[in-house]
Structure formats: C-alpha cells, structure tokens
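Below you'll find the structure, written out as structure tokens, and then a few comments.
Below, all heavy atoms of this structure are taken into account, side chains as well, without hydrogens, waters or symmetry copies. Proteins get letters first, then strands, A, B, ... in listed order; numbering begins at 1 in each.
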Amino acid sequence: MDSAAVLRWYDRYARDLAWRTGPAERARGDAPDPYRVWLSEVMLQQTTVATVGRYFARFTSLWPTVFDLAAAPLDAVLVEWAGLGYYARARNLHACAVAVVEHHDGVFPKTSNALQALPGIGAYTSAAIAAICHDEPIAVLDGNLDRVLARYYRLDVPVREAKETLRAALQTVIPARAGDFAQAMMDIGATICTPRKALCTSCPLRSGCLARTTENPTLFPIKAQKTERPTRYGHAFVMFDGDGDIFLETRPDKGLLAKMTQTPTSEWTARPSDPRFPCPGYWQPHGRIVHVFTHFRLELEVWSIKLVDAAALEHGWWADPRAFGREALPTLFRKVLAQSGLA
DNA sequence: AAGGCGGGGTT
DNA sequence: AACCCAGCCTT
C-alpha cells in the first residue's frame, strides 16, 4: 500500500476539524492536545462528525482541561451529553478524567497500551490517541478503515471475522507520520471511499486496490446478516402542577439510558397493553411517539395530567420546562415532552 | 463470539 | 426506510 501517496493526498485534502492539528500545523511544530484528541475520539465513537461538532465546542468551553472535567459532577457531564447517545460513554468519560488526574497527575498516558487500560478507551481509541499525539506506529482501525481495507483487499468475509487480519496488514504499511497517516485513511473513508459511493479516480489508494477492478467496489465489505428489530410498546406519563412544572425522575443505574432523566413510564413490552396510571385522575391522551434504538423500536402512548396535590410523589423532582436545558433528558423523553404539548 | 447500547445524517 | 457512523463493554 502506497502510504506516501496517502500522506501527499492528506497534505492537500485533509478535513479541517475543530479538534484536529492539521498537516500544516504539524509541520510547523504544533502538538495536538491529548485531552482534546481524547474527548473528540470518545464523542466520535459511532457518531458522525457533524453531530459531534457542537458537543465538542460546548465541552471544551465548559471544561478546557482534564482537571476541569474531572472536577465536574457526573450529573453535569450527563446533562451536557444528553442527546448524543450511548450514555455509557459519558460515564466512562468522567471516570477516565478522574483516573487521569488521580493516577497520572493529569497527563494522559503516551502509549496505546497504557491508554487502553482507562475506562471507555478501547482498541480503536487508544491507537488513535497514541498515533495522533505521539506518532506511535500502530494500526488505527475504525469503521472507515474497515470499509477502505475491505475494498482494498477485496475481503470476502464480513469484517468482524477478519478484523485481526486487517489490523496486521495495516500495521505493515504505517509510515513515520503515523498520526497523519491514521487521520488520512479515515478522511479517505469519509470523503472518497464512502459506504454508497467510491470515487476511485480521486483515491490515492487506487493503484493497489482490488475492489477497484471489480464491477462495483461498494459491494465490499460483505455485510453480515442483519437481525430484525423488534417493536416494544409502553406508556409515558407527563404530570404537571399548577405552576406548569413537570415531574421528572432518574432512570436506574444500569441498562438502557442508565442514570439519565425521564418522565415516569410503564414497562416496555412485546405487546401493547392498557395503561396503568401512576395515580388516579383525568389523564389526557396525546397520541403516540415512535423512537428507534439500536436493537429495538419503541412506541409510547403519551399521557398527561394536572395534579393538584403533588406531595405524594416520591424519588423525583419538579422542573420548569424552560430550564430543561439543565436536565439530562435523552432524546426519547424530549420527544415525549414535546408530544404532550407541555414542554 | 455475540449482543446491548442512542441518535441523527445521508441516500 | 435502510444504512451506518473516528466503538466499548459485558456475557
């Protein structure tokens, strides 16, 4: 693989990203900030560049260093992470910041091996940080590289079955500018060798690419068989008082949307069921919302009620909808509240 | 090795 | 409506 061609391409066409120290800056001697690189990499796990942008700006504004983030309460981090999804990332992010401050004097470890021991940092993220920040010659393999390499080698099995083979192949072609090479390969995957289109004539890897000689390079990688997504059904209950404040509570410590904020809901079951309301009274129906998670689809009937005597409710709190920006409400429950018409 | 775990951009 | 995104962790 012509890694020199990849670097030449990167010097001309590198994406300009807020968390990136570009090739010109690197050449001038600017060093990436491991905190910002780490923060961006965690946010980018299974998340698009476009989505991450505003979250990255908000986090670095609130918490410019790992010390600031470690000193913040977890609840504050969850509030800012709300809407970004995969909330275990936010809990691990905070735990990682605390670990870096307490066990590493606030300095991120420099090797991928040491980085991978930290919470929320796996094979990809550890390699990415070490390569980008310290030019460690290690294979950085994300979803983009899975696709680019599956096409380059015309891989005839699903990537998950050949991940280590791809890693070994990539490992042998890493040039001295390991960080720029890693980012270049990801940029190629994001802008040239995309899932549904392959702009092979513009690709610096075109000379050795095996899929390029096939009729349709986008047939690679071979997809694993997809499992169908079941639907679950339930009810969501929006309770408001005379001031228009709405009753919220915290979800359990584990499982889906752990430790995030919600309105009360029923169990979510395989079949629709009649609502069992949290309290008696006149519950007004607001129709249904649909929300799609990774492994199931959820349909919730939304109900609301005005409570005169709110004192009976336990383990929760009343919040002004105008201040919902300070609540750790995932998108699902923002949809519920919007559907109720009360927030 | 397989499945749980969000949400949105793109096509 | 389907696909998939700078994956990690648990079982």
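- Within the 4.0 angstrom heavy-atom criterion, only backbone atoms of the sugar-phosphate kind lie near A:Arg147; the bases stay farther away.
- Expressed to the nearest 0.5 Å, how far NZ of A:Lys306 lies from CG of A:Asp241 amounts to 8.5 Å.
- Nucleotides B:dG6 and C:dC3 are separated by 15 Å at their C1' atoms, to the nearest Å.
- Shown here for A:Pro330 and A:Ala328, the closest heavy-atom pair between the two residues is CD-O, 3.3 Å.
- Nucleic acid contact for A:Ile129: none, since no nucleic acid atom lies under 4.0 Å from a heavy atom of the residue.
- Only A:Arg160, listed by number, bring a heavy atom of residues 150-163 of chain A to less than 4.0 angstrom from any atom of DNA chain B.
- The CD atom of A:Glu327 sits 10.5 Å away from the CD1 atom of A:Ile246 when rounded to the nearest 0.5 Å.
- The distance between the ring centers of A:His291 and A:Phe293 falls below 6.0 angstrom.
- Atom CE in A:Met185 sits roughly 13 Å away from atom C1' in C:dA6 (whole-Å rounding).
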Quiz item: Taking protein heavy atoms under 4.0 Å as touching, what does nucleotides 6-11 of chain B look like 5' to 3' if B marks base contact, S marks sugar-phosphate-only contact and - marks none?
Solution: BBS--S
Exercise. Applying side-chain hydrogen bond (donor to acceptor under 3.5 Å, both in side chains), run through A:Gln183 and A:Arg20 and close with a yes or a no.
Key: CA-CA 9 Å; A:Gln183 295 175 92; A:Arg20 170 176 288 178; 3.1 Å; yes
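- In this structure, the CG atom of A:Leu145 is 10 Å from the P atom of C:dG7, given to the nearest Å.
- The pair A:Lys259-A:Asp75 fails the salt-bridge criterion, with no side-chain N (NZ, NE, NH1 or NH2) lying under 4.0 Å from an Asp/Glu carboxylate O.
- Rounded to an integer number of Å, the gap from A:Met260 CE to B:dC5 P is 15 Å.
- Considering A:Asp135, A:Thr21, A:Asp11 as possible partners of A:Arg26, the one that fulfils the side-chain hydrogen bond (donor to acceptor under 3.5 Å, both in side chains) test is A:Asp135.
- Going from the C1' atom of C:dC8 to that of B:dG9 covers 22 Å, rounded to whole Å.
- OP1 or OP2 of B:dG3 has not a single side-chain nitrogen or oxygen of A:His295 nearer than 4.0 Å.
- The ring-ring contact (aromatic ring centres under 6.0 Å, His included) contacts involving residues 43-68 of chain A comprise A:Trp19-A:Phe56, A:Phe59-A:Trp63, A:Phe59-A:Trp81, where partners must be two or more places apart or lie in separate chains.
- Here the separation of B:dC5 from C:dC5, taken at their C1' atoms, is 15 Å to the nearest Å.
- As judged by a 4.0 angstrom heavy-atom cut-off over every strand, A:Ala123 is placed among residues touching the sugar-phosphate backbone only.
- Of the listed nucleotides (C:dA6, C:dC9, C:dC5), C:dC5 has the atom at the smallest distance from the side chain of A:Pro195.
- Residues A:Glu41 and A:Gly120 both approach DNA chain C. Their nearest nucleotides, taken by heavy-atom distance, put A:Glu41 toward the 5′ side.
- Here C:dC4 presents its P atom at 12 Å from CZ of A:Arg229, a figure rounded to the nearest Å.
- Taking the charged nitrogens against the carboxylate oxygens, A:Glu25 and A:Arg28 have no contact shorter than 4.0 Å, which rules out a salt bridge.
- As a whole-Å value, the separation of A:Arg91 CZ from C:dC9 C1' is 11 Å.
- Heavy atoms of A:Trp19 sit under 4.0 angstrom from at least one base atom.
- To the nearest angstrom, P of C:dA1 lies 16 Å from CD of A:Glu228.
- Between A:Ser40 and the phosphate of C:dA6, there is no side-chain N or O to OP1/OP2 separation shorter than 4.0 Å.
- In this structure, A:Gln225 places its CD atom 9 Å from P of B:dG3, rounding to the nearest Å.
- With no hydrogens or angles considered, a side-chain donor-acceptor pair links A:Tyr124 and A:Glu41 at under 3.5 Å.
- Among the heavy atoms of the strands, none lies under 4.0 Å from A:Arg334.
- A side-chain N or O of A:Arg297 and one of A:Thr231 form a donor-acceptor pair less than 3.5 Å apart.
- A:Asp146 has its CG atom 10 Å from the C1' atom of C:dG7, to the nearest Å.
- Of the two residues contacting DNA chain C, namely A:Gln116 and A:Asp187, the nearest-nucleotide position lying further toward the 5' end is that of A:Asp187.
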